[in-house]
Amino acid sequence: MSWTRQDFPDTFLFGAATSAYQIEGHAFGGAGPTHWDSFAATPGNVVRAEHGARACDHYHRWQEDLDLLAGLGVDVYRFSTSWARVLPEGTGTPNAEGLDFYDRLVDGMLERGLKPAATLYHWELPQALADKGGWRNADMPDWFADFTEVVMRRIGDRVWSAAPINEPWCVGFLSHFLGAHAPGLRDIRATARAMHHVLVSHGRSIEVMRGLGLGNLGGVFNMEWANPVDDSPEAARATATYDAYYNRFFLEGIFTGSYPEQALEGLGPHLPQGWQDDFATIGQPLDWVGVNYYTRKNIAPAPGPWPALAEIDGPLPKTQMGWEIYPDGLYRFLKRVSDMVPDLPIFITENGMANDDVLSEGVVKDPERLAYIDGHLDACRRAIAEGVRLEGYFIWSLLDNYEWALGYEKRFGLIHVDFETLQRTPKASYHALAQRLR
Ligand code: IFM
């Protein structure tokens, strides 16, 4: 259903999101090497071995991109800061050019009336830290706390909100168990450690930001609705396992001070010694919860060791990613998170779709994207009507960009990017949204 701002509460915020490595161009401005550069340089990891050296060249075109955001009429710009741009070695001497870049970027947002929503880490781990074991290393929380301090001492006085780590599940499970993202490991022990260290790092980062006097701090969690393939108890069990390590592990670690039993079944023996003592750090109070939602997964039992499950192709219409379109999952997660933390505002920090968009005679027609957004905003309105404290919705993504292991061919942007010329062309969905957001 179509909508306007008037269909949402007065204070409801609309936004658009991006991340540093996916758009900036990491070859510029003194950024250090990251584990994504080496992952992409390893044959077979990334489509056409594409990498983020130039990406959308946002590093040089940021003013044009901020103008496009302002033209869209959104209230919030969710961006991320690259650890390797700020601290090329991961620790030690900051790269002045990198800090200057984020300083200018934040000022540029404020000049255009945009609220800067910073995420400190969106996956470009400095190679020097990856060489020391990356998220497996128990020193990560200290290194991440130091990085937080360097960044926030510079821009913390002007950001509207801040979150430490984008999508802990991807940093932990996708990257260390499924091997689909850097560092490309498939190792249960590495996974358990990474998942736990990500949460301790999150907590340390929040502590540092509170110490610097910052407010409006949250966590950003990706969630996929887990749907059993049939009514069997085996499918129910497999679905509960998926839900536990995907959707519950991080939220419950932070908000209940425990990990779900079905996740501990596999990961428990591999967690670092004394993990139970870290929940005081992990559970630092937050001001909001961010939900990144795209799809559901159909889960069946499978032979083999934990988690003993398989994802089965589903019947719903799919996006260019092959992801089923299932707005009801967003509604159900909003209700679930709201039941868990009724006093905290919730933001949809990412939602959107990749589409096989084609630029023809200066125009990109993407009615599918608008329908996807409309469907998910309907789900938001249903949840709000039932009392969920949903306070904002941020679209992924402003620009077509580097979709990690899938390279540049999956187009999530409201704005088409020609990756040869780097020309930006707002798509039909951009124009339609600008109309509604007036
Ligand atoms: O592009 C990613 C983003 O980096 C994190 N959330 C999901 C998006 C789409 O896959």
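Counting starts at 1 for both ligands and their atoms, following the listed order.
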- Task: Mind running side chain to side chain donor-acceptor pair (under 3.5 Å) on Glu350 and Tyr294 for me, showing each step along the way?
- Result: CA-CA 8 Å; Glu350 285 183 24; Tyr294 292 90; 2.6 Å; yes

Interfacing atoms of ligand 1 (cut-off 4.0 Å, heavy-atom, [X]):
X: Glu350; result: 3 (C), 5 (C), 6 (N), 7 (C), 8 (C)
X: Phe412; result: 9 (C), 10 (O)
X: Glu167; result: 5 (C), 6 (N), 7 (C)
X: Asn166; result: 5 (C)
X: Trp123; result: 4 (O), 5 (C)

Can you tell whether the side chains of [X] and [Y] come within less than 4.0 Å, N to carboxylate O?
X: Arg336; Y: Asp243; result: yes
X: Asp142; Y: Arg204; result: yes
X: Glu224; Y: Arg296; result: no
X: Lys132; Y: Asp139; result: no
X: Arg193; Y: Asp187; result: no
X: Arg158; Y: Asp103; result: yes

- Do Ser19 and ligand 1 have an N or O pair less than 3.5 Å apart?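 N/O-N/O distance below 3.5 Å does not exist for this pair.
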
- Purely on distance, is any nitrogen or oxygen of Trp323 under 3.5 Å from one on ligand 1?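 In fact, backbone or side chain, Trp323 has no N or O that close.
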
Under 4.0 angstrom from ligand 1, any heavy atom of [X]?
X: Asn401; value: no
X: Tyr293; value: no
X: His122; value: yes

- With Asp75 as reference, evaluate Arg112, Lys115, Arg5 under the salt bridge (Lys or Arg N to Asp or Glu O under 4.0 Å) test and give the passing residue.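 Option passing the salt bridge (Lys or Arg N to Asp or Glu O under 4.0 Å) with Asp75: Arg5.
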
- Message: Testing Asp357, Asp374, Asp400, Asp356 one by one against Arg369 for a salt bridge (Lys or Arg N to Asp or Glu O under 4.0 Å), which residue passes?
- Response: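 Of Asp357, Asp374, Asp400, Asp356, salt bridge (Lys or Arg N to Asp or Glu O under 4.0 Å) with Arg369 is met by Asp357 alone.
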
Any idea which part of [X] is under 4.0 Å from ligand 1, heavy-atom wise: side chain, backbone, both or neither?
X: Tyr21; answer: neither
X: Gln22; answer: side chain
X: Asn222; answer: neither

- Pair Trp306 and Tyr245, ring centroids less than 6.0 Å apart: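 Centroid separation for Trp306 and Tyr245: below 6.0 Å.
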
- Task: Considering only non-hydrogen protein atoms, determine which one is nearest to atom 2 (C) of ligand 1 and report residue, atom name and distance to 0.1 Å.
- Result: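 Its nearest protein heavy-atom neighbour is Glu403 OE1, 3.6 Å.
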
- Message: Quick test: of every protein heavy atom, which one is nearest to atom 8 (C) of ligand 1, and how far off is it to 0.1 Å?
- Response: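 The closest one turns out to be Tyr294 OH, 3.5 Å.
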
